[in-house]
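Worth saying up front: this structure is predicted, and the values here are computed from it rather than measured. Sequential numbering from 1 along the given sequence is applied to the chain's residues.
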Amino acid sequence: MEEKNLAIVTTGYKSRPADCLLAQETAERLGIPFVKRRHISYEDLRVQYGALFVLVVKKGGLRLETSDGELFFHPNMAHVRVRELGRGQKDHMVEAMGIGEGDTVLDCTLGLGADSITASFIAGERGKVTALEKSPLIYEIVRHGLAHFSAGNYDLHAAMRRVEVRRADYEDFLRTLPDDSYDVVYFDPMFRHPLKDSVQLAPLRLLAESAPVSLSAVAEACRVARRRVVLKENSRSLEFARLGFSHIAGGKYSPVHYGVLDV
C-alpha cells in the first residue's frame, strides 16, 4: 500500500505550538500533506483530501484515525510482561528465543513493539534489539512512542528507549547483513487466520505487511542468526510446517505458538 498517497497529518482541536511543529515535521518526514485542523472533523478532512487515514498529533503523541478504529502506541502488554519477568515469571517468547542479558535480537516485524520491548528488557544495557517496520505510518507512530512515551516503571522505560527502530523491508534488510550478525532473528507476521480476540489489532492489519514469510527470508535469517530463528504464529497455523519449523514452543493451551530453528 502506498501510504504516502493515502494519508494526511493534522492536529487536535486545541493544538499547542509544539504539536503543530511536530505535525509539520512528521508530514515532511513521511512526504504527506500537513493540514491545519480548523475544527474540521476527521471524516470531513478524509473526504476533502481523498485520504484513507488521518495522522493526528495530539498532546505530543501520534494517533492514526482509520476506518477500523484508532492506531496509537502504548506499551500495554509489554508492561505486564516486563513486570512478570521482573518477578521471576516465565515468558513463552523469551523462552523460545533462549535469550539472556547481553544478547542481540533482530525483530523483523516491529508492529506495535511489545515483543521488541520485552526482548530489550531481557537483553539489558549490554544487549541490543533492532526492530524493522516496513509500513511508514506504523514506523513513525511506534518510533515516536518508543522514544517519547513516559512509562512509570523504570525498567519498562529503559527497555523502550533501547529498542533501535529502522524502517525497512525485512527481507531486503537481511540480505545486507553479514553472517552471524545477531544471536536471534524473530518473525511475528500478521497471522494468516487472526485470533478472535484480536479486534484491537484491526487498525494495524490495515497497514501492516500482509504477505506471508517466504522460504528465502527464513534462509537469510538462518544465515544472519548465530543461534536461533523464531517464528510466532497462531497455534493452529500451517506456516510452521511450510517454513520448516519442526520444533514448536509455547503454552499447551495458548492460542499463540513459536516455531524454533536452531542454526
Side-chain angles (χ1 to χ4, degrees), residues 1 3 29-30 78 91 93-147 158-191 204 207-233 237 239-240 242-249 258-263:
M1 179 183 295
E3 293 163 16
R29 272 195 302 273
L30 291 171
D91 182 275
M93 182 201 75
V94 171
E95 290 192 319
M97 287 184 176
I99 57 171
E101 186 178 357
D103 283 338
T104 58
V105 176
L106 177 63
D107 182 350
C108 290
T109 44
L110 171 66
L112 294 179
D115 289 342
S116 286
I117 296 168
T118 304
S120 175
F121 170 70
I122 294 296
E125 294 181 1
R126 296 191 298 110
K128 180 176 75 170
V129 174
T130 304
L132 311 178
E133 179 52 57
K134 183 176 181 180
S135 164
L137 290 173
I138 297 173
Y139 165 82
E140 193 64 28
I141 291 167
V142 179
R143 179 202 64 79
H144 184 272
L146 288 169
M160 288 193 304
R161 297 297 190 265
R162 286 195 300 266
V163 177
E164 177 189 1
V165 184
R166 297 196 184 189
R167 178 179 160 187
D169 175 279
Y170 62 73
E171 192 157 3
D172 291 341
F173 188 82
L174 284 166
R175 292 194 192 101
T176 69
L177 296 174
D179 296 355
D180 302 328
S181 296
Y182 288 84
D183 292 312
V184 175
V185 177
Y186 177 70
F187 296 99
D188 175 18
M190 297 307 293
F191 291 176
L204 186 69
L207 297 163
E209 174 61 57
S210 59
V213 177
S214 67
L215 286 167
S216 59
V218 173
E220 285 295 322
C222 289
R223 179 186 62 78
V224 168
R226 279 188 286 270
R227 297 205 309 259
R228 186 168 285 185
V229 176
V230 178
L231 171 70
K232 178 181 178 180
E233 256 289 358
S237 176
E239 289 293 276
F240 297 121
R242 181 181 71 83
L243 296 171
F245 288 85
S246 56
H247 176 60
I248 311 299
Y258 299 87
V260 176
L261 280 175
D262 290 317
V263 297

Gap separating the CD1 atom of Ile141 from the OG atom of Ser135, nearest 0.5 angstrom: 7.5 Å
Ser181 side chain reached by Leu106 side chain, heavy atoms, under 4.5 Å: no
Which atom of Leu243 lies closest to which atom of Leu231, heavy atoms considered: CD1-CD2, 3.8 Å
Heavy-atom pair with the smallest gap, counting every atom of Val185 and Cys108: CG1-SG, 3.7 Å
Test side chain to side chain donor-acceptor pair (under 3.5 Å) applied to Lys134 - qualifying residues, sequence neighbours left out: Asp169, Glu209
Stepwise side-chain contact (heavy atoms from CB on, under 4.5 Å) test for Val142 and Val165: CA-CA 9 Å; Val142 179; Val165 184; 5.6 Å; no
Steps toward side-chain contact (heavy atoms from CB on, under 4.5 Å) verdict (Val213, Tyr170): CA-CA 10 Å; Val213 177; Tyr170 62 73; 3.5 Å; yes
For the student: nearest non-hydrogen atoms of Lys128 and Ala123, plus distance: N-CB, 4.2 Å
Close side-chain approach of Val218 to Phe245, heavy-atom, < 4.5 Å: yes
Interatomic spacing from CZ in Phe187 to OH in Tyr258 - rounded to 0.5 Å: 15.0 Å
Side chain to side chain, Leu132 and Leu174, heavy atoms closer than 4.5 Å: no
Separation between CZ of Arg143 and CG of Leu110, rounded to the nearest 0.5 Å: 11.5 Å
Considering all heavy atoms, the nearest Tyr139-Glu133 contact: N-CG, 3.6 Å
Test side chain to side chain contact (heavy atoms under 4.5 Å, CB included) applied to Asp103 - qualifying residues, sequence neighbours left out: Ile99, Asp183, Arg227
Shortest non-hydrogen separation from Val129 to Ala119 and the atoms involved: CG2-C, 3.8 Å
Check: Arg228 side chain, Ala96 main-chain N or O, donor-acceptor pair, under 3.5 Å: yes
Arg223 side-chain N/O to Leu177 backbone N/O, donor-acceptor pair under 3.5 Å: yes
Flag side-chain contact, heavy atom, 4.5 Å: Pro189 against Glu233: yes
From CZ (Arg175) to OG (Ser216), nearest 0.5 Å: 6.0 Å
Exam field: side chain Arg161 to backbone Ala147, donor-acceptor pair closer than 3.5 Å: yes
Enclosure of Glu95 CD (heavy-atom neighbours >12, cutoff 6.0 Å): yes
Separation of Ser116 OG from Met160 CE (nearest 0.5 Å): 12.5 Å
Thr130/Val105 under side-chain contact (heavy atoms from CB on, under 4.5 Å): CA gap, chis, key distance, verdict: CA-CA 6 Å; Thr130 304; Val105 176; over 6 Å; no
Straight-line distance of Glu164 CD to Thr104 OG1, nearest 0.5 Å: 11.5 Å
Which atom of Ala131 lies closest to which atom of Val163, heavy atoms considered: CB-CG1, 4.0 Å
